[in-house]
Amino acid sequence: MTTATEVTATTTWNIDPVHSHAEFKVRHMMISNVKGEFKGVNGTLKLNSEDLTKSGVEVSIDAATVNTGDAQRDAHLKSADFFDVEKFPTLTFKSNRVSKNNKDGVLTAAGELTIHGVTRNVAFEVEGPSAPMKDPWGNTRIGLSATTRINRKDFGLTWNAALETGGILVGDDVTMTLDVQFIKG
């Protein structure tokens with residue numbers, strides 16, 4: 001049962017999609033990293049300011065907003081070889097546990113990440129949330145960054161090409177970072 005103290009300590013914050021994005025980084029040709037981003041980031045944070053471990057977050061990302069700076073690569077990423085945005089238009093994350101490292105106070109948000117219709121448990125290391133700030137329009141905002149590393153094959157993203165000299169075109173490990181601003185609801 002929720003107590004009155006818990007109710008007042010928890011506030012709802014909505015992601016500001018204009019000031020938020022999701023970024024990914026993956027090895028290309030085994031020699032360098034290629035980065036990309038998604039602009040269509042939405043969701044909510046239930047923030048318990050008295051006990052951050054009682055907080056929770058839900059995020060939805062529009063897969064069709066993928067942008068790597070190369071239109072041909074972006075079209076390939078949107079195709080059935082990768083995100084298949086026609087069948088799977090969103091990537092989602094829903095936390096089910098927030099914990100704090102006793103050593104340095106770093107937060108971890110663990111939960112279910114869904115990409116390409118496949119759901120796996122992952123943990124994001126969280127930097128923040130920041131202290132609340134008022135914007136010029138009277139809204140209260142906070143920000144945070146969250147990072148995780150996944151194997152893309154775990155989510156059914158298996159397309160690849162062998163290189164003539166050995167190796168593969170696209171690495172399996174992908175680093176994902178969410179940089180988000182929230183507006184108090």
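Positions are given from 1, in the same order as the sequence printed here. As a basis for the values below, the full set of heavy atoms in this structure was taken, side chains included, without hydrogen atoms, waters or symmetry mates.
When atom types are taken as modelled, the side chain of S95 and the backbone of G56 share no donor-acceptor pair closer than 3.5 angstrom. Within the 3.5 Å criterion, the main-chain N or O of T68 finds a donor-acceptor partner in the side chain of D74. In terms of modelled atom types and a separation under 3.5 Å, the side chain of D135 and the main chain of N139 share a donor-acceptor contact. Panel note: side chain K78, backbone A64; a donor-acceptor pair is recorded below 3.5 Å. In this structure, S20 contributes its side chain and I15 its backbone to no donor-acceptor pair below 3.5 Å. Using modelled atom types, no side-chain atom of T10 and backbone atom of N48 make a donor-acceptor pair closer than 3.5 Å. Listed for the S79 side chain is a donor-acceptor partner under 3.5 Å among the backbone atoms of H76.
The CD1 atom of I142 sits 11.0 Å away from atom CD1 of I183, with the distance rounded to the nearest 0.5 Å. Expressed to the nearest 0.5 Å, how far CD of E23 lies from CD of E37 amounts to 7.0 Å. Rounding to the nearest 0.5 Å gives a distance of 12.0 Å between NZ of K184 and CG of N14. If you take CG on L52 and CG on L47, they are separated by 6.0 Å, rounding to the nearest 0.5 Å. Between L113 atom CG and R120 atom CZ the span is 10.5 Å, to the nearest 0.5 Å.
Inspection of the K46 and S55 side chains reveals no N or O donor paired with an N or O acceptor under 3.5 Å.
Between F38 and F24, the ring planes lie tilted relative to each other; the angle falls in the 30° to 60° range.
For the side-chain hydrogen bond (donor to acceptor under 3.5 Å, both in side chains) condition, no pair includes a residue of residues 123-132, sequence neighbours left out.
When each of T148, T147, I61, L144 is paired with L178, the side chain to side chain contact (heavy atoms under 4.5 Å, CB included) condition holds for I61 and for no other.
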- Message: Run the side-chain contact (heavy atoms from CB on, under 4.5 Å) test on T108 and N101 for me, step by step, so that the C-alpha distance in whole Å, both residues' side-chain angles and the decisive distance to 0.1 Å come before the verdict.
- Response: CA-CA 8 Å; T108 300; N101 181 323; over 6 Å; no
- Evaluation steps, side-chain contact (heavy atoms from CB on, under 4.5 Å), between V118 and F88: CA-CA 10 Å; V118 178; F88 308 106; over 6 Å; no
